[in-house]
Each structure stands twice: as C-alpha cells, then as structure tokens.
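Accompanying notes for the structure given below.
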Amino acid sequence: MKRKQNKTHVYLLHFDSPISEHHTCQHYIGFAECLQQRIAQHRRGDGARLTQVAKERGIGFRVVRDWEG
C-alpha cells in the first residue's frame, strides 16, 4: 500500500517592524506540512523563537509568499 504524501509548504513571513534596533530583520522563512496550523502556532507564540519574540514585543506579521510542493 502506498502512503499518501503530504505537500510541504515553504512560506515567507514579513514582520510589521524590525524586531529590535540591533536585530533589524523583518523576514522569517519556514516550512510546514499544514500551513494553516503552523501560522496559528506562530500567532500564538508557540512557533519559532523569532516569531515568539515578535509576539512578546507586539510586532505583527503576515504571510507574503507560500511555495507549495
């Protein structure tokens, strides 16, 4: 029996402002099998450390690009 393969998403987040004056990044790239769940994790502060810090500092983000496959 063949296993169903989940499609992976690579996604790019853009933060509304720099993380700090010393760390001026405004982008994060990640990957997930379920994009909606992963973005929800980031928004809750349960995702990558960078998105946790953004949430702690009240910095929003949006998904600006998604590559499926």
Side-chain angles (χ1 to χ4, degrees):
M1 181 170 20
K2 235 182 176 183
R3 268 181 76 191
K4 181 183 173 190
Q5 288 187 334
N6 292 329
K7 290 193 177 181
T8 301
H9 293 262
V10 175
Y11 57 93
L12 178 65
L13 303 181
H14 176 76
F15 297 105
D16 295 338
S17 62
I19 298 301
S20 77
E21 63 184 47
H22 301 290
H23 300 283
T24 58
C25 73
Q26 282 190 256
H27 294 93
Y28 172 82
I29 193 162
F31 68 95
E33 287 187 5
C34 181
L35 183 60
Q36 292 80 13
Q37 285 180 351
R38 185 62 175 149
I39 298 305
Q41 284 180 317
H42 288 312
R43 293 203 188 280
R44 285 192 311 267
D46 297 333
R49 182 65 185 136
L50 186 61
T51 58
Q52 291 173 2
V53 171
K55 180 168 176 57
E56 291 167 4
R57 295 177 182 183
I59 300 169
F61 67 84
R62 64 185 184 281
V63 179
V64 293
R65 187 76 158 103
D66 167 31
W67 297 270
E68 183 180 357

What donor-acceptor contacts under 3.5 angstrom involve side-chain atoms of residues 57-69, with partners at least two apart or in another chain?
{"unit_1": "R57", "atom_1": "NH1", "unit_2": "I19", "atom_2": "O", "d": "2.9"}
{"unit_1": "D66", "atom_1": "OD1", "unit_2": "H9", "atom_2": "ND1", "d": "2.9"}
{"unit_1": "D66", "atom_1": "OD2", "unit_2": "H9", "atom_2": "ND1", "d": "3.3"}

Using only atom types and a distance under 3.5 Å, with no angle test, would you say the side chain of Q26 pairs donor to acceptor with the backbone of F15? yes
Between CG on residue D46 and CD on residue Q37, distance to nearest 0.5 Å: 12.5 Å
Atom pair NZ (K7) and SG (C34), whose distance is rounded to the nearest 0.5 Å: 14.0 Å
Sort and list the pairs that fulfil salt bridge (charged side-chain N to carboxylate O under 4.0 Å, His left out) and have at least one residue in residues 19-39, not counting sequence neighbours. none
Please tell me whether L12 and F31 are part of a single hydrophobic cluster in this structure, the criterion being side-chain heavy atoms less than 4.5 Å apart. yes
Using 30° and 60° as the class limits, which term best fits the ring planes of Y11 and Y28: parallel, tilted or perpendicular? tilted
If only side-chain N and O atoms count, and only distance matters, is there a donor-acceptor pair under 3.5 Å linking Q52 with R49? yes
From T51 OG1 over to E56 CD, what is the distance, rounded to the nearest 0.5 angstrom? 9.5 Å
